[in-house]
Amino acid sequence: MLGFAASILGEAITGKGTLAQFDLETGLPLNETEPLLLFFILFTLLGAIGALGDRGKFVDDPVEPTGLDRAVIAPGKGLKSALGLKEGGPTFGFTKANELFVGRMAQLGIAFSIIGEVITGKGTLAQLNIETGVPINEIEPLVLFWVLFFFVAAINPGTGKFIVDEDDE
């Protein structure tokens with residue numbers, strides 16, 4: 001997530017895509033691309049789909065019902081389940097499961113943007129026709145939001161835990 005955020009911010013400021021920032025040749029067919037770069041793309045894609053080692057699952061920290069969950073909803077049924085949401089933990093926010101999803105989306109984003117840059121010679125933002133090579137105060141607000149989002153998501157520890165065995169629950 002930090003790498004994706006940094007590459008997008010770098011492109012917005014310099015006007016150079018991720019690979020061009022490292023002075024790598026772009027605008028090539030994939031079969032003429034550096035083998036190490038192809039390995040990085042493959043590794044990133046495999047990591048994004050979980051093929052490199054999902055051996056367990058994330059579970060949310062238990063949350064004690066308080067406030068309206070305790071007072072208004074019938075016993076045995078919380079406000080979240082009444083709304084059709086997951087009862088045992090946060091729906092939004094920095095849970096470990098949500099961070100895994102956002103991290104995988106960042107992996108897919110950087111892998112596909114690099115593939116696009118290899119083929120087209122244009123960086124991530126240029127592929128989307130977003131102006132690049134501008135000062136930070138002139139960067140599209142949505143681009144700055146996503147850079148900030150990926151940065152905060154990357155450094156936030158999240159809640160919950162990763163379990164490997166069913167006995168750990």
Side-chain angles (χ1 to χ4, degrees), residues 1-61 86 89-134 136 139-169:
M1 289 186 277
L2 287 175
F4 192 41
S7 71
I8 289 178
L9 186 61
E11 181 183 352
I13 295 170
T14 67
K16 295 181 178 181
T18 305
L19 300 178
Q21 291 175 47
F22 291 105
D23 292 326
L24 294 173
E25 188 178 5
T26 60
L28 305 169
L30 280 177
N31 62 349
E32 294 180 19
T33 305
E34 294 279 332
L36 188 59
L37 183 58
L38 290 174
F39 171 77
F40 170 75
I41 291 169
L42 179 63
F43 180 80
T44 304
L45 289 173
L46 290 175
I49 62 171
L52 298 178
D54 276 353
R55 305 274 189 283
K57 64 180 180 176
F58 285 105
V59 294
D60 295 325
D61 291 331
K86 184 177 177 185
T91 306
F92 303 104
F94 292 107
T95 66
K96 298 233 183 263
N98 290 350
E99 287 184 47
L100 178 65
F101 175 76
V102 170
R104 286 182 172 175
M105 292 300 103
Q107 285 176 294
L108 289 173
I110 199 163
F112 285 118
S113 69
I114 288 175
I115 290 170
E117 185 176 351
V118 165
I119 295 170
T120 66
K122 294 180 178 181
T124 308
L125 299 177
Q127 291 174 48
L128 299 172
N129 291 326
I130 295 175
E131 185 180 12
T132 61
V134 296
I136 288 181
I139 296 174
E140 288 282 331
L142 189 59
V143 170
L144 288 176
F145 167 78
W146 282 113
V147 167
L148 183 63
F149 174 78
F150 280 122
F151 177 75
V152 169
I155 63 170
N156 193 294
T159 60
K161 62 182 177 178
F162 183 74
I163 60 168
V164 178
D165 298 325
E166 294 295 322
D167 298 337
D168 292 343
E169 286 188 69

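Between the CG atom in Asn129 and the CD atom in Gln127 there is a gap of 10.0 Å [rounded to 0.5 Å]. If you take CD1 on Ile136 and CD1 on Ile13, they are separated by 4.0 Å, rounding to the nearest 0.5 Å. A distance of 6.5 Å separates CG in Leu24 from CD in Glu34, rounded to the nearest 0.5 Å. Between the CZ atom of Phe39 and the CG atom of Leu42 there is a distance of 7.5 Å, given to the nearest 0.5 Å. To the nearest 0.5 angstrom, Phe22 atom CZ is 10.5 Å from Leu37 atom CG. Rounded to the nearest 0.5 Å, atoms CZ (Phe112) and OG1 (Thr44) are 11.0 Å apart.
Closest of all the heavy-atom pairs between Glu25 and Leu28 is OE2-CD2, 3.6 Å. Taking every heavy atom of both residues into account, Met1 and Ala106 meet most closely at CG-CB, 3.7 Å. When all heavy atoms of Phe4 and Ser113 are compared, the pair lying nearest together is CE1-OG, 4.2 Å.
Between Ile139 and Leu9 there is a side-chain heavy-atom pair separated by less than 4.5 Å. Side-chain contact between Leu108 and Leu45 is present, with heavy atoms from C-beta onward closer than 4.5 Å. With contacts defined as side-chain heavy-atom distances shorter than 4.5 Å, the pair Ile114/Phe40 qualifies. When side chains are defined from C-beta on, Glu140 does not count as touching Glu131, because their heavy atoms never get closer than 4.5 Å.
Between the side chain of Glu117 and the main chain of Thr26, no donor-acceptor pair closer than 3.5 Å is present. The backbone N or O of Thr132 sits nowhere less than 3.5 Å from a side-chain atom of Glu11 that would complete a donor-acceptor pair.
Within a 6.0 Å radius of CG in Leu142, other residues, nucleotides and ligands contribute more than 12 heavy atoms.
Between Phe150 and Trp146, the angle of the ring planes lies from 30° to 60°, which puts this pair in the tilted group.
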